[in-house]
Chemist: 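A single structure is presented below for examination.
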Amino acid sequence: MDLQKSVIEALHTYFNDQRNDLDLTSMSGLSPTRKEFEGDYTLVVFPFLKWTGKSPEESAKMIGDYLVDSIDDIASFNVIKGFLNLELSTEFWTSALHKLLEKEKLDLAAKEEKILVEFSSPNTNKPLHLGHIRNILLGASTSSLLQAGGYQVINTQIINDRGIAVCKSMLAWQKFGNEATPSSSGQKGDHFVGHYYVLFENKFKEEYKEWQTKETASKVYQLQRKEGENEEAFFKRFKNEYFNTHSALGLEAKEMLQQWENNDTEVRALWSKMNQWVYDGFNSTYDKLGVYFDTLYYESDTYLLGKDMIQKGLAEKLFFQKDDGSTWIDLEDVGLDHKLVLRSDGTSVYMTQDIGTAELRFKDHGAKKMIYTVANEQDYHFKALFEICKKLNKPYAEGLYHLSYGMVDLPSGKMKSREGTVVDADDLIQEVIDEAKRNSLEREVQLEISEEAQNEIYRKVGLGALKYFILKINPKKRIVFDPKESVDMQGDTGPYIQNAYVRIKSVERRLKSQDLKAEDSYTAIEEVEKEILQLLLSYPLVLEEASSNYDPSEIAAYSYKLAKSYHKFYHDIRILKADTDAAKLFRLNLSSQVAKHLKHAFNILGIEMPEKM
RNA sequence: GGUCUCGUAGCUCAGCUGGAUAGAGCAGCUGACUUCUAAUCAGCAGGCCGCAGGUUCGAAUCCUGCCGGGAUCACCA
């Protein structure tokens, strides 16, 4: 069945007769013939000229003759310049469809290998926003993609549930919350807690502003200002230091953090309570997005990890200490800098924790491959982390991969919480669903189904639009997210592809009642049918390619191509009213295969298929 | 400044490890619903693939330099 393979084998035989030192592994293989030319698949013969010693045309002719002779599926060929266009036999197409029908699963062969995929990993002081949505969709779909690629996949995240930021919202709640709860205020837990984080920041800003009018402030300004720096610029720069040195609120927050680290019962209780509110909120968002985690890691459990490994490494001289007692690693030999791994007071930094967490995860799950879905602002950090793991000689060091993705910007520029331009995850999800509803109500088509079923469709279509819109873009590219475009439902969009599926389901329902006999075989295969079959046949390669690149956007692109071809087919070719039963059956089977592939592909993207829309 | 990354139609993006005249969608303009769901299809228009060199049968793709956007270079995470 694998035409690609038989052609390569045939070429091997053909050229080996003449040359023994031939290496065909580098040749490009077959590609679908472009529409403007005759033929089904094209072989570019330029690479062979050095073996044939003849002109491109002559060489192509020779090779074409040989292929027609030696491979039954190849019926004829034509040559244009160095391009050998092969035409396949009718039997090739019909048997290709038969073989697809016999295939039960579209997943690639199962591999023993385990992969751990980390994504989301939010802070617990504010709700999820558009940036998290990209992270979550990308991580979750990469996970599904690897599963389809045959790997055993474990979804995980590291939850940043501690630290000064978390204490800020705790403190604000304590001071100003009056014992309010999410349910008493009717707010989702993560939004509720986020509200107190913002409240803290505002109170802090007020405090800072007031302080600036005082004498101490002007003294500090006079003493520490840089050449030519005005007050405004200075105080902007000084904000962080103010928090640490002069601020009453800052002091309280830091004290709370200290108490937290000392396991203060009251603080810990408050912390657990508020974090639980946040988790309830996050979980509801995850549910809406249809993502799940197999195992969770909390920073509060892991932030002390890694120290021992640093100590051991220090003994082995992998790390070194500076005079102030801080511990570093020299990564200059791999093109990076010196990197801090322990503070001078012996406390750990982000890097320390990550080294420990990687080790812990390996012990827990034994996965030699781990993928970190984190935005590209941390490219440097992960490069350093991976190099350190290599130097520590970890068995998983080679299998670490940073799935780095571009930030999400708005047409108006960056999202800034200060300017209130952050797109909230829950709001966005609701908006796309509402838009799907509006859009559907404008149509004339009336589906005779319950309101509940109708709402399910709006949900699937709205989320389909959003997810596809984000996932179709190559991960490493920055996204300019135009909310208006994200709810588009025509053209290269999720709903367009869902619609192809829905059309097929409709055809299947109608043809089910017919008793089709297909004694005679279908021979007049249409161009567009071949095009669809070519796409279906290429699916395993696409899966392989996409999963080895950790790139769901390749799956999105494939889905679109397949749906587009199908829509054209659907428009141009009669299925129910085909001339013969054989034709009907062929087209029905072809359609069902398209549906199966689209559903599989969209499952990877985490997009559900409606049966009607 | 060093490192990384991106630059393709008005806008948003494809273009696989180099292959034929660079493709889609949106927006604009034309057409096609008594016929399997028009969330569809067909057509028109729109391009110095950032710029300049190089590698070769052949470059949007690989290499070098430059220009422009972004990220990063903390005892922050």
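Residue numbers begin at 1 in each chain, while the letters A, B, ... track the order of the sequences. Values in this document were obtained by computation on a predicted structure and should not be read as measured data.
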Chemist: May I ask you to evaluate whether Arg510(A) reaches the phosphate of U37(B), defined as a side-chain N or O under 4.0 Å from OP1 or OP2?
Modeler: yes

Chemist: Taking the six-membered ring for Trp, are Tyr558(A) and His597(A) closer than 6.0 Å centroid to centroid?
Modeler: no

Chemist: In whole Å, measure the gap between the P atoms of U61(B) and A9(B) for me.
Modeler: 15 Å

Chemist: Before we go on, tell me: are the rings of Tyr197(A) and Phe200(A) under 6.0 Å apart, centre to centre?
Modeler: no

Chemist: For C26(B), does the O4'-C1'-N9-C4 (purine) or O4'-C1'-N1-C2 (pyrimidine) torsion place it in syn, i.e. within 90° of 0, or in anti?
Modeler: anti

Chemist: Provide, to the nearest angstrom, the distance between the NZ atom belonging to Lys568(A) and the C1' atom belonging to A38(B).
Modeler: 16 Å

Chemist: P atom, G7(B) versus U12(B): distance in rounded Å?
Modeler: 13 Å

Chemist: Is the shortest side-chain heavy-atom distance between Met609(A) and Val502(A) below 4.5 Å?
Modeler: no

Chemist: Tell me whether the side-chain N/O atoms of Arg343(A) come closer than 4.0 Å to OP1 or OP2 in A77(B).
Modeler: yes

Chemist: Answer with yes or no after comparing the ring centroid distance for Phe382(A) and Tyr372(A) against a 6.0 Å cut-off, counting only values under it.
Modeler: yes

Chemist: Side chain of Thr42(A), base of A20(B): donor and acceptor closer than 3.5 Å?
Modeler: yes

Chemist: Below 6.0 angstrom between ring centroids: does that apply to Tyr468(A) and Tyr496(A)?
Modeler: no

Chemist: With the side chain counted from C-beta on, respond yes when Ile470(A) and Tyr405(A) share a heavy-atom pair under 4.5 Å apart, and no when they do not.
Modeler: no

Chemist: Let's test your reading of the model: under 3.5 Å, does the base of A39(B) pair with the side chain of Asp488(A) as donor and acceptor?
Modeler: no

Chemist: Given the P atoms of C57(B) and C4(B), what is the spacing between them in whole Å?
Modeler: 31 Å

Chemist: Centres of the Tyr303(A) and Tyr297(A) rings: under 6.0 Å?
Modeler: no

Chemist: Looking at Ser506(A), I'd like to know whether one of its side-chain N or O atoms comes within less than 4.0 Å of OP1 or OP2 on C36(B).
Modeler: no

Chemist: Looking only at side-chain N and O atoms, does Arg587(A) come under 4.0 Å of OP1 or OP2 in C36(B)?
Modeler: no

Chemist: For C6(B), does either OP1 or OP2 sit under 4.0 Å from a side-chain N or O belonging to Lys476(A)?
Modeler: yes

Chemist: Whole angstrom is fine here: how far is it from NE2 in His338(A) over to P in A74(B)?
Modeler: 13 Å

Chemist: What about the rings of His381(A) and Tyr350(A), do their centers lie closer together than 6.0 Å?
Modeler: yes

Chemist: How do Tyr560(A) and Phe46(A) order along RNA chain B: which one's closest nucleotide is nearer the 5' end?
Modeler: Phe46(A)

Chemist: For nucleotides 8-14 of chain B, give me one character per nucleotide, 5' to 3': B if any protein heavy atom sits under 4.0 Å from the base, S if the only such contacts are to the sugar-phosphate, - if neither.
Modeler: ---SSSS

Chemist: Hey, where does RNA chain B pair up into stems, meaning at least three consecutive Watson-Crick or G-U pairs with distances under 3.5 Å?
Modeler: B:1-7 with B:67-73, B:10-13 with B:23-26, B:28-32 with B:40-44, B:50-54 with B:62-66

Chemist: OP1 or OP2 of G23(B) sitting under 4.0 Å from any side-chain N/O of Arg34(A)?
Modeler: yes

Chemist: How far does the P atom of A22(B) sit from the matching atom of C13(B), given to the nearest Å?
Modeler: 23 Å

Chemist: Do Leu11(A) and Leu43(A) touch side chain to side chain, with heavy atoms closer than 4.5 Å?
Modeler: yes

Chemist: Is it the case that Thr156(A) and Glu118(A) place a side-chain donor and acceptor less than 3.5 Å from each other?
Modeler: no

Chemist: Are the side chain of Thr347(A) and the backbone of Arg343(A) linked by a donor-acceptor contact shorter than 3.5 Å?
Modeler: no

Chemist: For Pro495(A) and Gln353(A), take the nucleotide of RNA chain B holding the closest heavy atom to each; which residue's nucleotide lies nearer the 5' end?
Modeler: Pro495(A)

Chemist: Using the C1' atom as the point on both nucleotides, what is the distance between A60(B) and G23(B), in whole Å?
Modeler: 12 Å

Chemist: To the nearest Å, give me how far apart CG (Leu340(A)) and C1' (C76(B)) are.
Modeler: 11 Å

Chemist: Examine A39(B): is either OP1 or OP2 under 4.0 Å from a nitrogen or oxygen in the side chain of Tyr468(A)? Give yes or no.
Modeler: no

Chemist: Nearest whole angstrom, please: distance from the P of A74(B) to the CG of Asn240(A).
Modeler: 15 Å

